[in-house]
Amino acid sequence: MSLIQALATSLSGLSATQANLAVVAGNVASAQTPGYVARSAVQVATTYGDGSEAVRIASINRLLDQFVQQQLRTETSGGAYADLRAGFYQQLQQVYGPPGSDTRLDAVFNKFTTAVQGLATSPSSTSAQGATINAAQALAQQLNSTTSSIQALRSRADQGIAGDVQQANEALKQVAAINEQLAGDNANDGAAAALQDQRDQAIDQLAKLMDIHVVPGNGNQVSILTGSGTTLVTANQAAQLAFTAVGNVGATQQWNANPSKSTLGTITLQLANGSSTDLVANKAIRSGEIAAYLDMRDNVLVQAQSQIDELAAQMSRALSDTTTPGTAAVVGPQSGFDANIGGLSPGNSIQVTYTDASSVAHNLTIIRVDDPTALPLSNSVTSDPTDTVIGVNFTGGPASVVAQLTAALGATGLQFSNPAGTTLRVLNDVANTITVNKVSTTTTATSLTAGGPALPLFLDGNAPFTGVITGAGLESTGFAGRITVNGALLANPTGLVAYQPSTPIGDSTRPNFIYDQLVNATPLYSPATGIGGAAAPFRGTLSGYLGAVVSQQGQAATTAQSLQSGQAIVINALKARFDDTAGVNIDTELSHLLTLQNAYGANARVMTTVKQMLDTLLQL
């Protein structure tokens, strides 16, 4: 090797060492910087045309395990989902009131039943009547307040979606922009590593918002897809998410996959080619904060609202509804029942039980539905899974009712007729192959002095609650937020006792009826509440149902908290594994620094020696 070759070799060594020293210095200086990934310089040997050997820096690499990084991002999405749900559940628990407190929903209900029990003992007592009205108002106000709080949480979730969508769009744009900057052959230096750190931070932020999958490409490019496979970023092209928040969400506002029926915003993905897709309807977002917000807004909190709506509806119906059995009717060889349908309000029903030719029993629930846009009805509008539900428009009179029932149920063998006035007659077939076992009507008392103990103690605003079904949905939806005490009772509490003008002042018939219905009645509750299942809905007292609601919500909150804790453990373990390679280890860097100092010194000595030899040669 000539002196010139030796000089070139040592010079390349010094240059490579200086580059390594710069990398070490950058690692140490950025050790505490969030998102910084430790770097290392990749050295390669090279030979020049004159036969001299040298070393050069081929690239500046980031030290990370991409497999662990992808796992960490996946679990980060799950952790964000679990964190947000646990937080919402904790707030939902506060809506029902602290356990054991006088303001808890079940405690307020118990105060109402206790007041009614006192009224049944002393019907003529004005103080007992006043106490009952006050307790009823307190319960109605508590249901109103609970509704407001649940809807406030739904509004917060709706606004949270809007905020997260904006953050996601910013992250997607940033990833696409950095992809463009990194494209090309010169994307292997320290500046490229810094850009990759920035891109990773944007991707990590996106992973917190939604479940994603990152696919590395050529030239330091990455593509990003949702967990379900929908493309979000490819090269320098980023799709954009669109969402419109509604502001204050109401109990009747619900998301629906059918845009014409939905009253809440959905998330659409606007693609570069101008097309769009509904990510919510396609279930493309399955984890992360956005998925948690959607779940709380459209499922968990909707169910929580339906639970207290069902309590309000069943309580109101227990006090105001009366079921009247039909009277036996025989016409030649046929038999059945007559029922008076004149008192049915929209939402009231006729119940028919019959046995077919195969000795199989059938239950029919015929509901008065005067809004044609609500027809036909689904069987899910009643709580009994064994019911077949028929909606009938009563506005055309009894003859029209008979025609509609004949068209809908004629194939069963049942025969319907209107012998006179508002009487509906239901008979078996002439051949007696079927048997009509029972016919009854359920009507709502709309007056305090209708002649029976039933009364409209609770109203839907200013109108009796009858369970009306319209094209907009069920009257029970959001009823807990609208329930009020009958204004006539507020003005004259004696209506709690007097069910007809001649009722004695000390008659306990109505107070005993109210107490028995509140404490002992065991209605069937809607499966939509999540209490019981579709095949076996919950049946029990109002107090038992309320206890089941509070218990279920408490268990759900505990489960959410456990999921949050478990997810945190997984994330911390993965983060530790990721930091083992990607994090800066000061001890390792200092050890490397000593090695580089020795290398620098050795190359410097070679250059010094070569210089001395060249000087000697020049002197000769």
Side-chain angles (χ1 to χ4, degrees), residues 251-263 302 306 309-310 313-314 316-317 321 323 326 337 339-354 356 362-418 422-427 436 439-444 446 460 463-479 482 524-529 534 537:
T252 58
Q253 290 178 282
Q254 296 185 14
W255 179 86
N256 193 294
N258 184 342
S260 65
K261 296 181 179 180
S262 184
T263 50
V302 169
S306 73
D309 284 341
E310 184 74 357
Q314 293 290 1
S316 179
R317 280 177 161 160
D321 284 6
T323 298
F337 295 88
N340 183 2
I341 62 174
L344 268 68
S345 300
N348 289 169
S349 60
I350 305 165
Q351 296 80 39
V352 178
T353 301
Y354 73 96
D356 64 19
H362 299 267
N363 297 321
L364 296 176
T365 297
I366 302 165
I367 301 176
R368 176 172 178 176
V369 180
D370 291 351
D371 182 355
T373 64
L375 298 173
L377 293 183
S378 164
N379 287 343
S380 63
V381 300
T382 68
S383 303
D384 192 341
T386 65
D387 274 5
T388 297
V389 178
I390 304 295
V392 175
N393 188 333
F394 276 46
T395 57
S400 174
V401 170
V402 169
Q404 293 175 69
L405 290 175
T406 300
L409 299 168
T412 64
L414 294 172
Q415 294 188 6
F416 301 91
S417 62
N418 172 226
T422 56
T423 298
L424 175 68
R425 177 168 289 170
V426 186
L427 299 175
V436 181
V439 175
S440 61
T441 59
T442 298
T443 57
T444 300
T446 58
D460 185 351
F465 177 84
T466 62
V468 176
I469 301 174
T470 67
L474 306 179
E475 184 184 8
S476 59
T477 303
F479 176 48
R482 305 185 305 268
L524 202 62
Y525 298 85
S526 171
T529 63

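The basis for the numbers below is simple: all heavy atoms, side chains too, and nothing from hydrogens, waters or symmetry mates.
- Pairs engaging residues 396-409 under the side chain to side chain donor-acceptor pair (under 3.5 Å) rule: Ser400-Gln404 [sequence neighbours left out].
- Applying the side-chain contact (heavy atoms from CB on, under 4.5 Å) criterion to Val381, with sequence neighbours excluded, gives Ile367, Leu377, Val389, Ile469, Leu474.
- Partners of Ser440 under the side chain to side chain donor-acceptor pair (under 3.5 Å) rule, at least two apart in sequence or in another chain, are Gln351.
- Checking Thr395 against Asn393 by side-chain atom types alone, a donor-acceptor pair falls below 3.5 Å.
- With sequence neighbours left out, the ring pair (Phe, Tyr, Trp, His ring centres under 6.0 Å) criterion links Tyr354 to His362.
- By the side chain to side chain donor-acceptor pair (under 3.5 Å) test, Thr388 is found to be paired with no residue, residues two or more places apart in sequence or in another chain being considered.
- Nearest heavy-atom pair, Ala313 versus Ser476, reported as atom, atom and distance to 0.1 Å: CB-CB, 4.3 Å.
- Not counting sequence neighbours, the partners of Asn340 by the side-chain contact (heavy atoms from CB on, under 4.5 Å) test are Thr422.
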>> Ile350 vs Leu424, test: side-chain contact (heavy atoms from CB on, under 4.5 Å). Steps then yes/no.
In response: CA-CA 10 Å; Ile350 305 165; Leu424 175 68; 3.8 Å; yes
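- Listed by chain and number, the residues in a side-chain contact (heavy atoms from CB on, under 4.5 Å) with Arg317 are Asp321, Phe465 (sequence neighbours excluded).
- Note that the OG1 atom of Thr353 and the CG atom of Leu364 stand 7.5 Å from one another [nearest 0.5 Å].
- With rounding to the nearest 0.5 Å, the separation of CD1 in Ile366 from CG in Leu405 is 4.5 Å.
- For Pro398, the side-chain contact (heavy atoms from CB on, under 4.5 Å) partners two or more places apart in sequence, or in a different chain, are Asn418.
- Annotation: ring pair (Phe, Tyr, Trp, His ring centres under 6.0 Å) contacts of Tyr525 (sequence neighbours excluded): Phe538, Tyr545.
- Every residue was checked against the side chain to side chain donor-acceptor pair (under 3.5 Å) condition with Thr470, not counting sequence neighbours, and none meets it.
- Not one N or O on the side chain of Glu310 forms a donor-acceptor pair closer than 3.5 Å with the backbone of Thr529.
- To the nearest 0.5 Å, atom CZ of residue Phe394 and atom CG of residue Leu344 are 5.0 Å apart.
- Checked by atom type and distance alone, the side chain of Asp370 never pairs as donor or acceptor with a backbone atom of Pro346 at under 3.5 Å.
- For the pair Ala534 and Pro527, the tightest heavy-atom approach, listed with the atom from each and the gap, is CA-CB, 3.8 Å.
- A donor-acceptor contact closer than 3.5 angstrom links the side chains of Thr444 and Asn348.
- Contact annotation: the side chain of Val436 never approaches that of Leu427 to less than 4.5 Å [non-hydrogen atoms, C-beta and beyond].
- Residues Thr263 and Thr252 have side chains not in contact (no heavy-atom distance under 4.5 Å, counting atoms from C-beta outward).
- Judged as a salt bridge (Lys or Arg N to Asp or Glu O under 4.0 Å), and not counting sequence neighbours, the contacts of Asp460 are Arg482.
- The structure places OG1 of Thr477 at 6.0 Å from CD of Gln254, a figure rounded to the nearest 0.5 Å.
- Take Asn379 and apply the side chain to side chain donor-acceptor pair (under 3.5 Å) test, not counting sequence neighbours, and it matches no residue.
- Leu409 CG to Leu414 CG: the interatomic distance, rounded to the nearest 0.5 Å, is 6.5 Å.
- Shortest non-hydrogen contact noted between Leu524 and Pro537 is CD1-O, 3.9 Å.
- When every heavy atom of Ala339 is checked against every heavy atom of Val439, the shortest pair comes out as CB-CG1, 3.9 Å.
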